[in-house]
Amino acid sequence: MIVQVVVDVPTGGTDRLFDYKVPDHLQEIIESGMRVIVPFGPRKVQGFVISSTIETDIDKLKDIDEVLDVTPVLTPELLELGDWLTTSALCFKITAYQAMLPAALKAKYKKEVKLTHKECLSQLPFELRKWFEHRDVVLWEEFLGTDDKPLIALIKKAVTDGFLEVIYKVNDKVTKKMIKVVKPISYENLSMQLEELDKRAQKQKQVIEYFLKHPNQISVNALIELANTTRSTLKSLIDKGILSEEDVEVARDPYANRIFKKTVPLQLTTNQEAVIQPIYQSINEGRHQTFLIHGVTGSGKTEVYLQSIAKVLEEGKEAIVLVPEISLTPQMVQRFKERFGSLVAVLHSALSTGEKYDEWRKIHHGRVKVVVGARSAIFAPFKNIGIIIIDEEHEATYKQEENPRYHARDVAIKRANFYKCPLILGSATPSLETYARSKKGVYRLLEMLERVNDVKLPTVEVVDMREELKSGNRSMFSNALFEKLTQRLNRGEQSVLFLNRRGYSTFVMCRDCGYVAQCPHCDISLTYHQTSRSLKCHYCGHQEKMPQKCSSCDSEHIRFFGSGTQKVEEEIAKVLPGARVIRMDVDTTRKKGSHERLLTQFGEGKADILLGTQMIAKGLDFPNITLVGVLAADSMLHLPDFRASERTFQLLTQVSGRAGRHQLPGEVVIQTYTPEHYSIDFVRDHDFISFFEKEMGIRKLQSYPPYYFITVIQVSHPEITKVIEITDKITAFVRRSLSEKSIVLGPVACSIPRIKDRYRYQCMIKYKNEPTLVNILKEVIENYKREINQGNLQVSIDMNPFVLM
DNA sequence: AGCACGCCGACT
DNA sequence: GTCGGCGTGCTC
């Protein structure tokens, strides 16, 4: 038997199948979708078995070295899906397959140098001898650590002479949580061994006595605790051959310490009922269909998801639920765990490699039926998917910003189509692409335009900050917002303040000469952080002390401009003394679990005001929030991205939705310098449809999605002349390769022209139909592969970019 | 990615 | 004449 293998060598030259012979003892075991170790050139690499045949044109076939899995980690469906990813996201096959699996399954490579024979030691040249005096095997890296260049040459010589050999090893990453356990090698001999012990060995005696009473294996840590002993005592017993030590796998459960109350399905409202029926129908008929649930915040989408899943589970099928970034919505996870208990696996980025692997294995082994997770959970290795749900469909996190640059929505469509099952996209503010498709009838539109239990949508007041300024209010709170905040404090209700800017100030400027503190490595101004009294770059992490004098003119009149969350926090303390504030941004939630902790505190009423960035816009649902304030609504409106208006509208609508979700009515105050802008104006009346129409008109005029597809080629290099030269060549090549109907823009500098000392230029392609585009782009990569490999040049191609920065 | 092969400049 | 620079091409 011959198998065809994709090897773990991500380059253009090896992005194809390689044939291998299967030795007899592996014939029965091997299957497509399994990981294998194969010899590749002089070394060994990991690979995936894609298919098998009985004939080949290759005459010098090598044998498969090892099979790594008992059951395939990739199903036939996922193998095919990977193939599709390769062309739709323009990546190597191996990259596509690796993206589908937990990182723990990725191979780790080790190179070792081994003494062929003990006797060879004397044959080695003097310089090498000391390395092998006390051991047979030395890691390759150890030699690299010394800058003794001739050492490598000496090793090579010794290898050709046969004194040394180079060994290539392939290992899994640490995949399983292991603990050390000890047990007596023989229980029968134990009492005898006890007597034979030296009289002085009191500590060892204690341990043996423990095992006489408890004849079971026990973890080292537990034993140290229970038998009042130490590591060194155990070591002696192991060395004497009385005890044996072994690594044993233990399961991890990130939610182990949590108790979930079981909930039952709620009675559906008429609106929910109307929405769920077409979904049931699709499930019953075993027909693929994509639904868009356009449901306002608080309209009860989650209950619809839960009951659709329940239906699918009854049929013996499985469900995938994607949520934007699960750690951001612990409340969401909780609802799924409460309804489906141990049938749920949770996959999100805050889990460790090992924890992710454990959750993945639950899916792989069929021990769970529902997976709730972030983007990559779309690749969950289920074999009988009955429904896929993508909540907050418009979120940017569903687009992976590194290779393979896929959008989870596209993968979901592909998979749902394969399993002939419904795909549900849910959002209060669907992306233009999705809504346009649902209007064209490609997706079926289901609307939930009212909140459950007759709860009203919050009233929205837009405050013109220019007017505030004119009337003499120079603070960051408008009179309206300040008044409402005070009101909430008096009534004991909670408020949410949203500001899309962390740190203290957005930039620091000298009043005398106008000099603005800039990052030395990026073309971006530095942000002042109060806690560390330093200037930070939010792109490369550069940090410097806050200067006392202007570094350009020595003036001492340095002022902060633009406010970040830290400044707001300080300001609140000044104008509303006594208000308890929780600040949530990247800086306060960096530690694992702190996000959830802060939210819990707020939920328990330990603070009056929740102040935060993006991350508080989604999913939080607390009954006592009756006021939402947006401090600077225009902050993201003027970004150089054609989706800036769309994002502003979505974000404002999402934050507004945090208010008044239960009995108490909600109010929203939006502060802005451009109240007349449509993406702010339409939020006032929660008018998605009008926003959609207005924005579609603009997209059409400017030839942007959903009217055109776009692809962006970004080039970066430490030398600016080089970037311009290459981008120019690429642009010219693309321009003459494509049809006249397509628009090729560039080369232009990216909106941040330099990050981490690399200059960045780009070329943008707008097109409606270019079947050869993928091949043209592949050619571009192939052309510059040499310079890319040399490490200075980077060319990244995104066939459907989401964020253009 | 690694590694070997191979073709040009500066040294024992 | 040889050592070593890194451009080129191959890995079943």
Side-chain angles (χ1 to χ4, degrees), chain A residues 1-24 26-27 30 32 34-68 79 86 91-99 103 106-114 125 127 139-144 147-161 164-173 402-404 722 726 778-779 781-796:
Chain A
M1 185 168 56
I2 292 160
V3 287
Q4 295 167 313
V5 174
V6 168
V7 292
D8 181 15
V9 184
T11 54
T14 49
D15 187 31
R16 59 198 169 89
L17 299 175
F18 286 86
D19 293 353
Y20 285 90
K21 207 156 71 203
V22 182
D24 289 343
L26 295 177
Q27 298 254 344
I30 204 160
S32 297
M34 284 181 173
R35 293 170 307 141
V36 288
I37 293 173
V38 292
F40 195 68
R43 66 216 162 108
K44 283 172 185 169
V45 296
Q46 199 190 70
F48 292 96
V49 177
I50 304 302
S51 51
S52 64
T53 56
I54 36 167
E55 47 176 25
T56 179
D57 299 334
I58 313 295
D59 39 7
K60 34 167 190 173
L61 279 191
K62 286 186 184 172
D63 271 8
I64 292 276
D65 220 71
E66 231 178 288
V67 175
L68 294 172
L79 285 175
T86 306
C91 67
F92 303 124
K93 293 179 200 299
I94 190 69
T95 315
Y97 293 131
Q98 280 170 351
K106 220 180 134 182
K108 228 174 52 187
Y109 298 99
K110 253 201 325 213
K111 191 177 169 186
E112 296 170 348
V113 184
K114 182 170 176 270
E127 295 92 325
L139 287 177
W140 184 264
E141 294 98 276
E142 296 183 51
F143 294 113
L144 297 181
D147 23 47
D148 245 349
K149 274 211 177 138
L151 215 52
I152 304 291
L154 288 173
I155 292 168
K156 284 194 175 157
K157 173 101 170 41
V159 169
T160 27
D161 292 344
L164 292 178
E165 43 188 341
V166 178
I167 298 172
Y168 296 89
K169 285 200 170 167
V170 185
N171 286 321
D172 275 6
K173 286 232 177 92
E402 62 201 55
N403 273 330
K722 210 74 181 130
I726 292 170
K778 274 188 181 163
E779 219 173 303
I781 295 179
E782 200 54 30
N783 245 312
Y784 290 95
K785 151 179 119 190
R786 199 184 325 122
E787 278 164 273
I788 292 169
N789 281 342
Q790 279 163 15
N792 278 332
L793 178 68
Q794 271 175 28
V795 178
S796 79

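Naming convention: chains lettered A, B, ... in sequence-line order (proteins, then strands); numbering from 1 in each chain.
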Student: Nearest of B:dA1, B:dA4, C:dC12 to any side-chain atom of A:V9?
Tutor: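 It is B:dA1.
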
Student: Over all strands shown, is A:F40 touching base, sugar-phosphate only, or nothing at heavy-atom distances under 4.0 angstrom?
Tutor: base

Student: C:dC12, OP1 or OP2 - any side-chain N/O from A:K60 closer than 4.0 Å?
Tutor: no

Student: Please find the pair of heavy atoms, one from A:R16 and one from A:K93, that lie closest to each other, and give the distance.
Tutor: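 Residues A:R16 and A:K93, closest heavy atoms: CA-CE, 4.2 Å.
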
Student: Of the listed nucleotides (B:dA4, B:dA1, C:dC12), which one gets closest to any side-chain atom of A:R43?
Tutor: B:dA1

Student: So what does A:I58 hit on the nucleic acid, given a heavy-atom distance under 4.0 Å: a base, only sugar-phosphate, or nothing?
Tutor: base

Student: Looking only at side-chain N and O atoms, does A:K111 come under 4.0 Å of OP1 or OP2 in B:dA1?
Tutor: no

Student: Please give, in whole Å, the distance from C:dC12 C1' to A:M1 CE?
Tutor: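 Going from A:M1 (CE) to C:dC12 (C1'), I get 16 Å.
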
Student: Measure the distance from CD1 on A:I54 to C1' on C:dC12 and round it to the nearest whole Å.
Tutor: 18 Å

Student: Which of these nucleotides, C:dT11, B:dA1, B:dA4, is closest to any side-chain atom of A:T11?
Tutor: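 Taking heavy atoms from C-beta onward, the closest nucleotide is B:dA1.
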
Student: What is the distance, rounded to the nearest whole Å, between atom CH2 of A:W140 and atom P of B:dG2?
Tutor: 12 Å

Student: Quick one about A:D19 and A:T56 (side-chain donor to acceptor, distance below 3.5 Å, no hydrogens or angles considered), yes or no?
Tutor: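 Judged by distance alone, the side chains do pair up.
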
Student: Would you kindly give the CD-to-P distance between A:E782 and C:dC10, to the nearest whole Å?
Tutor: 13 Å

Student: For a quick test of reading the model: is some side-chain N or O of A:Y168 closer than 4.0 Å to OP1 or OP2 of B:dC3?
Tutor: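 Affirmative; the distance criterion is met.
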
Student: To the nearest Å, how far apart are A:D59 CG and C:dT11 C1'?
Tutor: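 Between C1' of C:dT11 and CG of A:D59: 14 Å.
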
Student: Should the pair A:F48 and A:Y97 be assigned to parallel (<30°), tilted (30 to 60°) or perpendicular (>60°) ring geometry?
Tutor: tilted

Student: Nearest whole angstrom, please: distance from the P of C:dC12 to the NZ of A:K93.
Tutor: 18 Å

Student: Within the structure provided, determine whether A:Q27 and A:D24 are in side-chain contact (heavy-atom separation under 4.5 Å).
Tutor: yes

Student: Specify the separation, in whole Å, of atom NZ of A:K21 and atom C1' of C:dC12.
Tutor: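 These atoms are roughly 11 Å apart.
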
Student: Whole angstroms only, please: what is the CD-C1' distance between A:Q4 and C:dC12?
Tutor: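 After rounding, the gap between these two atoms is 10 Å.
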
Student: Would you say A:Y20's side chain and A:P39's backbone share a donor-acceptor pair under 3.5 angstrom?
Tutor: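 Flag set: sc A:Y20 to bb A:P39 pair under 3.5 Å.
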
